[in-house]
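So the structure is just underneath, and the comments pick up after that.
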Amino acid sequence: MHMEPSKKLSLEPYKGTRDFYPEDQFIQNYIFSVWRKVAESYGYVEYNSSILEETDLYRAKSGEEIVNEQTYNFRDRGDRDVTIRPEMTPTVARMVARKRKELSFPLRWFSIPNLWRYERPQRGRLREHWQLNVDMFGVDSLAADVELISVGYDVMKAFGAPNDSFQIRVNSRKFLNFFADSYLGISPEQKHKIFKLIDKMHKMPAKEFEQAGAEILGDAFGKLEQVISMRDALSLPADLQDTDGVADILNVISSLRRKGITNAVFDPSLMRGFDYYTGVVFELYDANPANPRALSGGGRYDDLVGIFGVEKVPGAGFGMGDVTVADFLETHQLLPEYKATAKLYVCHTDGYIEQANQLATDLRKQGVNVASDLTDRKVAAQVKTADKQKIPFVVVVGEEETKSGTYQVKSLSDGTEHRAAIAQIADIIKD
Ligand code: HAM
């Protein structure tokens, strides 16, 4: 490898990505395990795919912003335009379309892919994140939307989140389309622009939003502003209230309420960036303003599978990111305490390393996670390693232990000691 002799290699991971040191990986494993447990509790089954897709897949329906500004693209040696997946939905729709005939619907599928977006890194936004994707195919009724929102809710509950620590915001593309096309009567171009603007409104000063909005819509902007600031669908103007979109929203919120989920609200300013949504859309938000980014987002996309030239399959689902979830857990002090994988650290006095290793081997056969110190340092230094690495128990193997076949097992958290033969050690150190 050729390198400039004077240029130091950077110690930093690539911009917007993370190194996962064991403490970080521990948290990520915890998040994934909760995601998996809750998805499986509803019968969702896991799938995956490659991180690479042909760029055309995203051109079709994700939306211009994602393809033009946020993807990692390259041309491969065979002249194909390749994109590193920025989201999983086009991939899962492709996979469903590919086996449309063989699959038995309805499908409940989940995945935990890593995704890449070329964003400006900031709190809650990185260039690589992992995202739980939970999707249902083959059910066109609101029962599916309600179940999917419930899965997201149950995930939050499984993390220990109290009801008032997060909020579910619900809107509908059907409502938004009616609102723009019929109620405001604006052109498709105006609609596109104003929806993009509303999508960004919470990230800009109110004044700036108003100026830009009035520029796009003229007089109609006042009417729009009034409606998008409402949080109760029942106070909408009568000709908006009597629409399928609003009926869907009310139906979803009341179904959730009947299931005991009371933190769902109507939010007419909720846009969702992707072009493929066709019905109800929703997002989960941290109630603490320290974390202003959505914890999860999703919705119904009944036309996506059909773009592959197969018969349509209705779909709905959501994605929940590991970055925003970790921020949430930290803010609400719900992060689990780090634990090493080893339960016991076997130390040894001079000359007894082999016996120590033998004890470790015997205990592993009993299913105990054991690490053995392989250095010739003093016992105190060996014990200190166990303590620093958060291994909860230590045992020291020396002449006496070897002769008697009994061992002094010490807890590093409370200092208690137990003398035990091998057969009892597993019992002493279990949680
Ligand atoms: P999304 O809203 O783009 O939706 O992403 C879903 C969640 O992933 C966000 O709420 C956030 O938690 C996390 N996320 C997204 N981008 C980033 C990022 N750059 N850094 C950290 N976290 C991020 C979708 O991706 C849809 N495909 C979800 C879906 C599934 N819709 C239907 N099925």
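Just follow the structure's listing: the first ligand is 1, and inside any ligand the first atom is 1. This one's a predicted model, so the numbers in the text were calculated from it and none came from an experiment.
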Taking the basic N atoms (NZ, or NE/NH1/NH2) and the acidic carboxylate oxygens, is any pair closer than 4.0 Å for [X] and [Y]?
X: Lys174; Y: Asp248; answer: yes
X: Lys312; Y: Asp140; answer: no
X: Arg59; Y: Asp56; answer: yes
X: Glu128; Y: Arg18; answer: no

Can you pull out the closest protein heavy atom to [atom]? Residue, atom name and distance to 0.1 Å, please.
atom: atom 20 (N) of ligand 1; answer: Leu126 N, 3.0 Å
atom: atom 21 (C) of ligand 1; answer: Gly124 O, 3.3 Å
atom: atom 29 (C) of ligand 1; answer: Thr89 OG1, 3.4 Å
atom: atom 8 (O) of ligand 1; answer: Gln131 NE2, 2.8 Å
atom: atom 32 (C) of ligand 1; answer: Gly317 O, 3.2 Å

Can you find a side-chain donor-acceptor pair between [X] and [Y] that sits under 3.5 Å?
X: Asn288; Y: Thr331; value: no
X: Gln25; Y: Asn29; value: yes
X: Asn369; Y: Thr341; value: no

Side chain, backbone, both or neither: the part of [X] lying under 4.0 Å from ligand 1 by heavy atom:
X: Asp322; result: neither
X: Ala294; result: both
X: Leu295; result: backbone
X: Tyr301; result: side chain
X: Arg125; result: both
X: Tyr285; result: neither

Is the Tyr72 ring parallel, tilted or perpendicular to the Tyr118 ring (thresholds 30°, 60°)? perpendicular

- Parallel under 30°, tilted from 30 to 60°, perpendicular over 60°: which one fits the rings of Phe137 and Trp109? perpendicular

Using distance alone, determine whether [X] and ligand 1 share an N or O pair under 3.5 Å.
X: Gly299; value: no
X: Phe274; value: no
X: Thr324; value: yes

Nearest-option assignment for [atom], heavy atoms, candidates [options]:
atom: atom 18 (C) of ligand 1; options: His129, Arg272, Arg123, Arg127; value: His129
atom: atom 19 (N) of ligand 1; options: Glu119, Arg293, Arg117; value: Glu119
atom: atom 28 (C) of ligand 1; options: Pro86, Gly319, Gly315; value: Gly319

Out of all atoms in ligand 1, which are within 4.0 Å of some heavy atom of [X]? Include the element for each.
X: Tyr277; answer: 26 (C), 28 (C), 29 (C), 31 (N), 32 (C)
X: Val323; answer: 21 (C)
X: Asp135; answer: 30 (C), 32 (C), 33 (N)
X: Asn133; answer: 30 (C)
X: Ser296; answer: 10 (O)

Kindly list each side-chain donor-acceptor pair under 3.5 angstrom involving residues 251-265, sequence neighbours excluded, with atom names and distances?
unit_1	atom_1	unit_2	atom_2	d
Asn251	OD1	Ser255	OG	3.4
Ser254	OG	Leu250	O	3.1
Ser254	OG	Asn251	O	3.2
Ser255	OG	Asn251	O	2.9
Ser255	OG	Arg258	NH2	3.4
Lys259	NZ	Ser150	OG	2.7
Asn263	ND2	Asn163	O	3.2
Asn263	ND2	Phe166	O	3.0

- request: Find out whether the Lys NZ or Arg CZ of Arg98 is both under 6.0 angstrom from the six-membered ring centre of Phe308 and within 45° of the ring's axis.
  value: no

For atom CG of Asp19, is the number of surrounding heavy atoms from other residues, nucleotides or ligands below 6.0 Å larger than 12? yes

- prompt: With a 4.0 Å cut-off on heavy atoms, does Tyr276 reach ligand 1?
  reply: yes

Ring pair (Phe, Tyr, Trp, His ring centres under 6.0 Å) for Phe175 and Tyr183? Distances and angles first, verdict last. CA-CA 10 Å; Phe175 160 73; Tyr183 184 81; 8.9 Å; no

To the nearest 0.5 Å, atom CG of Leu284 lies from atom CE of Met320 at 5.5 Å

